[in-house]
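Data block below; observations after.
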Amino acid sequence: MALDYRKCAEEIVSHIGGRENITQAAHCATRLRLVIKDNGKVDKKALENVDGVKGMFENNGQLQLIIGTGTVNKVYAEFLSVTGMTEATKDDVKAAAAAGQPVWKRILKAVGDVFVPILPAIVASGLMMGFVEAMGKVYPEFANTSWYDFLDMVANTAFAYLPVIVAISAARVFGGNTFLGAVIGLAMIHANLVNAWVVGTMSQIPTWDFRILNFIINVQKVGYQGHVIPVIISVWFMCGLEKWLHKHVPEMIDLFVVPFTTVLVTTFFTFTIIGPIFSQLETWVLEAAKILVKNPIGSGVMGAIYPWTVVMGLHHMYNVIEAGMLSVEGGLNTWMPIASAANFAQFGACLAVGLKARNNRTKVVAIPSSLSAALGITEPAIFGINLRFFKPIIAGMIGGTIGAIYGAFSGIGAAAYGVTGIPGYLTIQQPVQYSILLAISGGIAFVLSWIMWKEEAPEVEAVPEAAPVESQEKVLEFATVITSSAGDIAQCTAGKVIPYTEIPDPTFAAGTLGQGVGIQPEEGFVYAPIDGEISSVAESKHAIGISGANDMEVLIHVGVDTVEMKGDGFEDFVKEGDKVKKGQKIMKFDREKIKAAGHPDTVVLLLTNSDDYENVKIGVNA
């Protein structure tokens, strides 16, 4: 009997709480993808019994109903008709699911998404800057050579034009034209502007005097060198404006009206709104810093908040404080130990992540970023690792606080300014006390970061330890059984691997839930086949979903029709939201109980969104 697509759509809508409980809806080749406002209104048992729905699971904030190839598009069309919604894409659904997260998580994710692609550039520049500056201090004659001048230029390039790099990356993240983003970034460091690094030494700053009706707006001609947050805010505004204009400007004049208006309005907004706000912030932070550094407790406060002034791009103004300290007769730069404590604490926190991380991509960023921070260039460590994972930056703040307080009590001072961390030995007057300061700040931050940080889970509570893994060596040697353009998936339990077409269940065998393999188990344990996050755990404990890199959605289903066992014979070692590593034990099952219940014990391993990827291959050593 043919499926009644209209009835199927109507029943789905009624069981998910009606139209008012749906944020977004789309479909792929086999599944209806829904973002729900209140999951408490979803009747999951009723959904599973809807004629046409072959399965369901939750993943990354989405409720996904498995309907099947050639059918889901027809049900989706009726779904839109029933709800009155407009057609959306998978990306729209992903965006809607992400929008349901807390604001602070979305902000951190946005900053992380902007910086991840540009990390190689700033990590390389940070390391080079640290080494070049140190060489110039150790060998003063080298600082006057053409080689030094050339290397300094190359090392500084990424940071001198950081707003441009950030603007381009931000435009990609926020869905705008990357070349317009580049224009915004370039405008923010234009040669006609006063360089932000020297503005603090100027007695008078040139301004623009914009006359609008009877009002005059005075705007300082100051660049945004070293700034990050105002660049991201400006490009976010630019992308929103550009999208709005594309929707409302007639196509005939879109080509020149949209770019012209977008750039003009965004730059004016940047220099008249964002500029004054950050200028005032700089003034407040500078005045507060001058007051705070006069006592040990205040020094501790500055040691804590210093990395946040780096995040905001306000740290360049501290040269004014240091220059003032050195300008008086017999003056000593007591600000440098505070900055060193804060920077070396970020080094310690970042190094802990690098040494603890199992994910190679995290490790290869964290280790060189921490070395850069040890040399006084903390942007790679802060933006690439510590802020992105959040807990390490908190650990660094604590280490920086304690180290700065020690520095204030011990009276450490420098005879110059412009260097911190290890190169600071070239200017410091108490090397032994300075060594203790670095050990305190970096050591405390390292230990706290090691304890507090759980891999790739800055927003998740501490992940409970999984049960001890038996036969761990064998698990790590499991063969790859699914490959695709998204990555590799390993066998999840010991046993003979069979194609999904031979799984003794028509739904699995037809590939309705995605391509994969079956495994005839030799033992009663299941191990994570990829690094990822647990996206779902069945109430009956027999099935686990894992989200992996490149949006891979993996389903592990132990046995056929074992949902009828209602959890008897199954024990899960993970819960939804937990982070898992490839080879980690995640489930135990009783093969004898499964057989006694009259069910095949085949372990099903599927890439449920295999239709999203190219070159999907299955089989041992696929």
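A salt bridge between Asp531 and Lys582 is absent, with no side-chain N of the basic residue lying under 4.0 Å from a carboxylate O of the acidic one.
Considering CD1 of Ile382 and CZ of Phe347, their distance stands at 14.0 Å, rounded to 0.5 Å. Atom OG of Ser547 and atom CD of Glu553 lie 6.0 Å apart (nearest 0.5 Å).
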Fill in: Derivation and outcome, salt bridge (Lys or Arg N to Asp or Glu O under 4.0 Å), residues Lys454 and Glu533
CA-CA 12 Å; Lys454 304 297 181 182; Glu533 177 178 327; over 6 Å; no

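The two residues Leu355 and Lys363 come nearest to each other via the heavy atoms O-NZ, 3.6 Å. For the residue pair Leu605 and Pro529, the shortest heavy atom distance occurs at CD1-CG, 3.9 Å. Across every non-hydrogen atom of Phe383 and Val310, the tightest pair is CZ-O, 4.1 Å. A pairwise comparison of heavy atoms in Ala158 and Ile165 identifies O-CD1, 3.8 Å as the closest pair. Nearest heavy atom pair, residue Asp488 against residue Ile530, reads O-CG2, 3.5 Å. For the pair Ala182 and Ile168, the tightest heavy-atom approach, listed with the atom from each and the gap, is CB-CG1, 3.7 Å.
More than 12 heavy atoms of other residues, nucleotides or ligands sit less than 6.0 Å from atom CH2 of Trp450. In Arg172, the CZ atom is not crowded: 12 or fewer heavy atoms of neighbouring residues, nucleotides or ligands sit closer than 6.0 Å. With a 6.0 Å radius and a threshold of 12 heavy atoms from other residues, nucleotides or ligands, Lys37 has its NZ atom above the threshold. Within 6.0 Å of NZ in Lys588 there are 12 or fewer heavy atoms belonging to other residues, nucleotides or ligands. The number of heavy atoms from other shown groups lying within 6.0 Å of CD (Glu502) is above 12.
Considering only heavy atoms from C-beta on, Glu564 comes within 4.5 Å of Asp561 through its side chain. Taking 4.5 Å as the limit, every side-chain heavy atom of Ile489 sits out of range of all side-chain heavy atoms of Thr483. A 4.5 Å side-chain heavy-atom check between Thr23 and Leu34 finds every atom pair outside the cut-off. Using a 4.5 Å heavy-atom threshold, the side chains of Phe589 and Val603 count as touching. Contact check for Met565 versus His599: side-chain heavy atoms found under the 4.5 Å cut-off. At a threshold of 4.5 Å between non-hydrogen side-chain atoms, the residues Leu606 and Val604 count as touching. In this structure the side chain of Thr378 never reaches within 4.5 angstrom of the side chain of Pro307, judged on heavy atoms. Counting heavy atoms from C-beta on, the side chains of Leu607 and Ile618 never come closer than 4.5 Å.
The backbone N or O of Met85 sits less than 3.5 Å from a side-chain atom of Thr83, completing a donor-acceptor pair. In this structure, the side chain of Asn49 does not engage the main chain of Ala46 through any donor-acceptor pair within 3.5 Å. At least one donor-acceptor pair under 3.5 Å links the side chain of Ser535 to the backbone N or O of Gly545. In this structure, Gln520 contributes its side chain and Ile498 its backbone to no donor-acceptor pair below 3.5 Å. For the pair Asn21 (side chain) and Ile16 (backbone), a donor-acceptor distance under 3.5 Å is present. Remark: the backbone N or O of Gly524 is not paired with any side-chain donor or acceptor of Asp590 at under 3.5 angstrom. The closest donor-acceptor contact from the side chain of Ser610 to the backbone of Gln515 lies under 3.5 Å. Between the Ser449 side chain and the Phe446 main chain, no donor and acceptor come within less than 3.5 Å of each other. Side-chain atoms of Gln584 come within 3.5 Å of backbone N or O of Lys581 as a donor-acceptor pair. A side-chain donor-acceptor contact under 3.5 Å links Ser372 to the backbone of Ile377.
Ring geometry, Tyr76 versus Phe79: the interplanar angle falls under 30°, so the pair is classed parallel (tilted spans 30 to 60°).
The ring pair (Phe, Tyr, Trp, His ring centres under 6.0 Å) search around His557 returns Phe508, His542, not counting sequence neighbours.
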